[in-house]
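Read the structure below first, then the notes.
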Amino acid sequence: MRCNTRAGGHQENDRHQVNRQYAISEVSEKTGVNTVTLRAWQRRYGLLNPTRTEKGHRLYSASDIEKILAILVWLDKGVSIGNSKTFIRTSTIKCCECRGARDYL
């Protein structure tokens, strides 16, 4: 289904982008994080909580991708993956620090 391109159509398109969900392979490609790593971050550390399809496939939102990019920023700063959850909750990393998260979507 195509979005309305008339005046104000951008709002409709933006709404679709906000609600869009991404398969784990897409997220891996967009962020550079291996699919096995994404699953481990969910299972071991509870860092991610993607929704699931009826068949159990993971679906990530734009905010999940931004969180992944924030995790990468903290890892680049030397924070361990186990401690990054605390830093993500308490920090206000700007999108530009998250390697241009919107550019990936």
Side-chain angles (χ1 to χ4, degrees):
M1 185 172 174
R2 228 181 166 142
C3 294
N4 182 2
T5 56
R6 289 182 284 150
H10 292 294
Q11 290 177 341
E12 184 71 20
N13 192 24
D14 290 344
R15 197 174 314 129
H16 286 297
Q17 283 292 77
V18 169
N19 295 327
R20 177 151 188 240
Q21 300 214 304
Y22 303 85
I24 194 168
S25 59
E26 289 179 282
V27 174
S28 177
E29 186 177 309
K30 291 175 184 297
T31 62
V33 178
N34 190 294
T35 58
V36 173
T37 302
L38 291 170
R39 289 183 193 103
W41 287 357
Q42 177 186 358
R43 186 180 63 253
R44 292 182 192 162
Y45 305 105
L47 293 171
L48 304 168
N49 190 22
T51 59
R52 300 277 187 144
T53 66
E54 288 181 13
K55 293 186 177 185
H57 299 283
R58 291 168 174 84
L59 293 175
Y60 295 84
S61 67
S63 64
D64 290 327
I65 293 173
E66 287 181 8
K67 184 184 279 189
I68 292 164
L69 296 171
I71 291 167
L72 293 174
V73 169
W74 286 113
L75 291 175
D76 286 346
K77 292 181 178 191
V79 175
S80 72
I81 190 65
N83 290 329
S84 65
K85 188 174 189 174
T86 303
F87 283 92
I88 290 168
R89 285 185 189 161
T90 60
S91 74
T92 56
I93 292 179
K94 304 205 182 324
C95 282
C96 61
E97 285 185 80
C98 293
R99 300 180 185 179
R102 292 287 176 203
D103 294 340
Y104 288 95
L105 307 178

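Count residues from 1 along the sequence.
Residues satisfying the side chain to side chain donor-acceptor pair (under 3.5 Å) test with Asn49, not counting sequence neighbours, are none. Take Ser25 and apply the side-chain contact (heavy atoms from CB on, under 4.5 Å) test, not counting sequence neighbours, and it matches Ala23. Contacts of Asn34 classified as side-chain contact (heavy atoms from CB on, under 4.5 Å), with partners at least two apart in sequence or in another chain: Val36, Thr37.
Heavy atoms only, all atoms of each residue included: Ile68 and Leu38 are closest at CD1-CD2, 3.6 Å. Heavy-atom minimum distance, Trp74 versus Ser84: CB-CB, 4.4 Å.
Judged by distance alone, the side chain of Asp76 and the main-chain N or O of Val73 form no donor-acceptor pair under 3.5 Å. Counting only distance, with no hydrogens or angles, the side chain of Ser28 and the backbone of Ile24 share no donor-acceptor pair below 3.5 Å.
Atoms NZ and CG, on Lys30 and Leu69 in that order, are 11.0 Å from each other to the nearest 0.5 Å. Once rounded to the nearest 0.5 Å, the distance linking CD1 of Ile81 with CZ of Arg44 reads 10.5 Å.
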For residues 51-60, which side-chain N or O atoms pair as donor and acceptor with protein atoms under 3.5 Å away, sequence neighbours left out?
residue: Thr51; atom: OG1; partner: Gln21; partner atom: OE1; Å: 3.2
residue: Thr51; atom: OG1; partner: Gln21; partner atom: NE2; Å: 3.4
residue: Thr51; atom: OG1; partner: Leu59; partner atom: O; Å: 3.3
residue: Arg52; atom: NH1; partner: Gly56; partner atom: O; Å: 2.7
residue: Thr53; atom: OG1; partner: Lys55; partner atom: N; Å: 3.3
residue: Thr53; atom: OG1; partner: Gly56; partner atom: N; Å: 3.3
residue: Thr53; atom: OG1; partner: His57; partner atom: N; Å: 3.0
residue: Arg58; atom: NE; partner: Gln42; partner atom: OE1; Å: 2.7

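Results of the side-chain contact (heavy atoms from CB on, under 4.5 Å) test with Tyr22 over Thr31, Ile65, Asp64 single out Ile65 as the only residue that passes.
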Test log, rule side chain to side chain donor-acceptor pair (under 3.5 Å), inputs Ser80 and Asn83:
CA-CA 5 Å; Ser80 72; Asn83 290 329; 3.2 Å; yes
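Contact annotation: the side chain of Val33 approaches that of Leu72 to within less than 4.5 Å [non-hydrogen atoms, C-beta and beyond].
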